[in-house]
Amino acid sequence: MMRFISSAAFVIFLMTAGCSSNDNIIDPEEPDPVVENPPADDFSGPEYADDYSAISGWDNRTFWNLANVHDPSVVYDGEYYYMYGTDASYGNAHEGHGHFLYRRSKDLVDWEFRGMAMTETPSWVKDTLNSMRTLAGLDIIDSPVYGHWAPVVRKVGNKYRMYYSIVIDNYIESGKANTPANFDGSWTEHAFIGLMESDDLSSNTWVDKGMVVSSVSDRENNWSRSNTSDWNAYFKWNAIDPTFIITPEGNHWLIYGSWHSGIVALQVNPSTGKPDNLSSIEDYGTLIARRQNSELNRWQAQEGPEIIYNEKTGFYYLFLAYDELSVAYNTRVCRSTSITGPYLGIDGTNITEGGECWPMLTHPYKFNNHSGWVGISHCAVFKNEETNEWFYSSQARLPANTNGNAYSNAIMMGNIRKIAWTEDGWPVVMPERYSGVPQPNISESDLTGTWENISMNYEYKVQQKSSQLILSSNMTASGALSGTWSYDQDKKILTIGELHLNLEKAWDWEASPRTTTFTYSGLTAGGRPVWGKKTTK
């Protein structure tokens, strides 16, 4: 999440709208295509609307399911998956009810909204902030403007730990709230990462453990900023967007950072969940990723790290959110054999040293018969230990002016998608949202017919649109992709020319009525995603 102007400007639009809710969201600029969907089977998938504006208010929260999800973190307690997220909702429906929205599900499809995980901002935040200001010779701030962002929850031993972000949206010099009229030639104040612990997620009883780490500067008291377009940040490490991992060796690491200078890894004490020492800037973490290889440029356009370790491949995978969050957000991934890097991309580029990261896994896109999705990133990645299935979860936003609603880009729907793995050990995200569709054997004859293919290029704020692909029974492909095609039924790999595509049966969210279909996902040699879904026999 971009954290240099007020949260109201980038996280939430403050307006509500009265547009109606539809099962399918029609692109007003494109007529509905006439397609024959694959025959329906006995599976009955989700029917709730993607445009949830009609039920977005707090009084309708029992109907939300995955409505109003932003920066999700997902953890399993043995019975339920719990999802926690940033304070963000369409029309600010959550305001006045606490912080860190959460919900739970037994199947990753139907979600019960449970309320808020934190009742009020812990007192240590204000106390710590004002102690820092006093030491710097600044007046205290009586009423800080808080932002509550990006929690991550993990099970550690018999407890659950939530690392959470709280930003202070006041200017350093004057202490005034961050508004254009109040700009005083300084940066906004510290951000903090705190820690809460719980023995039982179902009880929603959390014990706050105080500060873990704060933003830190290498510029002493030189917090001046020439204008609001000056992005050469005062803080070197920005204490937001935490994620957490326990290595196979049993070491505990907090990964955090956003925009200012890059992403860092901070080792923490397993007993306390906190670092043992923060006496110098070196104690605040080791750089593991940045987007630009320059100490002089602190406008990284990179945030929202997530990290996993895949035992089968032997790599740590660092997922990163790129660009602004309302439309352009896209997900990248790099990997390393060491928790502290160096992290490399699919082309061997060193991301720790500032190289551009590929593969890209998500990007604004649209299939036919739907407005499509934008702002798809800041992900949670988690594994079902019983089935060994990996999942990707993030928010996705509707484009502006969907269904005639000028504020539809503030509609944030939680997306959960399966992750497949390429034969050389890179994750790919499946095109359709997870719906628990049973996975049958897929035969070669199932694949012949007409598909929609999206070969995604990286284009800032530009949705990647589908085009027609035909797989003929004579094993030739034409349209969006051309050449010969083949299918490995045991591995469920469709090969078209040089592309190797992971297949699954899925729920067609764009169809009317919704039904099952087949989808694929893969990567080009340069690490750009290729998505497809079948539309006819």
Side-chain angles (χ1 to χ4, degrees), residues 19-41 43 45-52 327 330 362-376 396-405 408-409 411 413 415 417 428-435 437 446-457 459 461-472 477-482 485 494 496 499 501 503-522 528-537:
C19 64
S20 62
S21 177
N22 299 305
D23 285 344
N24 291 286
I25 298 170
I26 308 302
D27 180 2
E29 297 181 357
E30 182 173 318
D32 296 350
V34 178
V35 297
E36 177 191 354
N37 287 308
D41 51 28
F43 179 79
E47 293 297 337
Y48 61 80
D50 289 338
D51 181 349
Y52 62 80
V327 177
N330 59 99
T362 68
H363 187 284
Y365 77 96
K366 74 178 298 299
F367 284 114
N368 290 333
N369 201 36
H370 195 277
S371 68
W373 295 101
V374 299
I376 313 165
R397 294 171 179 261
L398 294 180
N401 299 309
T402 299
N403 288 336
N405 180 359
S408 58
N409 191 226
I411 292 174
M413 179 65 75
N415 278 208
R417 301 164 187 264
V428 295
V429 174
M430 299 308 293
E432 294 287 0
R433 286 167 280 165
Y434 179 74
S435 301
V437 177
D446 290 324
L447 307 183
T448 58
T450 304
W451 297 66
E452 289 184 62
N453 178 84
I454 306 178
S455 296
M456 294 194 194
N457 293 310
E459 292 185 88
K461 290 190 175 183
V462 177
Q463 285 182 293
Q464 302 299 285
K465 298 182 180 181
S466 65
S467 54
Q468 188 180 82
L469 167 70
I470 297 175
L471 298 183
S472 300
S478 58
L481 303 171
S482 60
W485 69 273
L494 167 66
I496 305 176
L499 286 172
L501 305 165
L503 273 167
E504 72 166 10
K505 195 171 186 180
W507 190 238
D508 190 339
W509 289 79
E510 296 83 21
S512 182
R514 291 173 182 165
T515 184
T516 57
T517 188
F518 299 103
T519 63
Y520 60 68
S521 180
R528 277 60 166 179
V530 179
W531 285 2
K533 72 169 186 177
K534 192 178 181 186
T535 57
T536 70
K537 294 192 292 182

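Fair warning: this is a prediction, and the values are worked out from it, not measured in the lab.
When every heavy atom of S521 is checked against every heavy atom of V429, the shortest pair comes out as OG-O, 2.8 Å. Considering every non-hydrogen atom in both A506 and E432, the closest pair reads CB-CB, 4.0 Å. Shown here for K366 and I454, the closest heavy-atom pair between the two residues is O-CD1, 3.6 Å. In terms of heavy atoms, K534 sits closest to D508 at O-OD2, 4.5 Å. Across all their heavy atoms, L481 and S455 have their closest contact at CD2-OG, 4.1 Å. Minimum interatomic distance between E452 and N368 (heavy atoms only, all atoms of both residues): OE1-N, 2.9 Å.
Side-chain atoms of E504 do not come within 3.5 Å of backbone N or O of V437 as any donor-acceptor pair. Proximity of a side-chain donor or acceptor of R397 to a complementary backbone N or O of N409 within less than 3.5 Å is detected. The main-chain N or O of S466 is never found under 3.5 Å from a side-chain atom of W531 such that the two would form a donor-acceptor pair. A donor-acceptor pair under 3.5 Å is absent between the side-chain atoms of W507 and the main chain of R514, judged by distance alone. Side chain of T450 to main chain of T536: no donor-acceptor pair is present (N/O by atom type, distance under 3.5 Å, no hydrogens or angles). Side chain of N369 to main chain of A511: no donor-acceptor pair is present (N/O by atom type, distance under 3.5 Å, no hydrogens or angles). In terms of modelled atom types and a separation under 3.5 Å, the side chain of S408 and the main chain of P399 share a donor-acceptor contact.
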Residues N405, I411; criterion side chain to side chain contact (heavy atoms under 4.5 Å, CB included); working and verdict: CA-CA 10 Å; N405 180 359; I411 292 174; 4.2 Å; yes
Verify side chain to side chain contact (heavy atoms under 4.5 Å, CB included) between D50 and H370, making sure each step is shown before the conclusion. CA-CA 10 Å; D50 289 338; H370 195 277; 2.9 Å; yes
Where do L503 and L447 land on the side chain to side chain contact (heavy atoms under 4.5 Å, CB included) test, with the steps shown first? CA-CA 10 Å; L503 273 167; L447 307 183; 3.7 Å; yes
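The distance from the CD atom of E510 to the NZ atom of K533 is 3.5 Å, given to the nearest 0.5 Å. In this structure, the separation between CE on M456 and CD on Q463 is 10.0 Å, given to the nearest 0.5 Å.
Aromatic rings from W373 and F367 are positioned such that their centres are separated by 6.0 Å or more. Taking the six-membered ring for Trp and the full ring otherwise, the centers of F518 and W451 sit at least 6.0 Å from each other.
Between W485 and T448, the closest side-chain pair of non-hydrogen atoms falls below 4.5 Å.
Partner I496 forms a side-chain contact (heavy atoms from CB on, under 4.5 Å) with one of N453, L471, V530 and no other, that one being L471. Under the side-chain contact (heavy atoms from CB on, under 4.5 Å) rule, P364 has a single partner from V374, I376, V462, which is V374.
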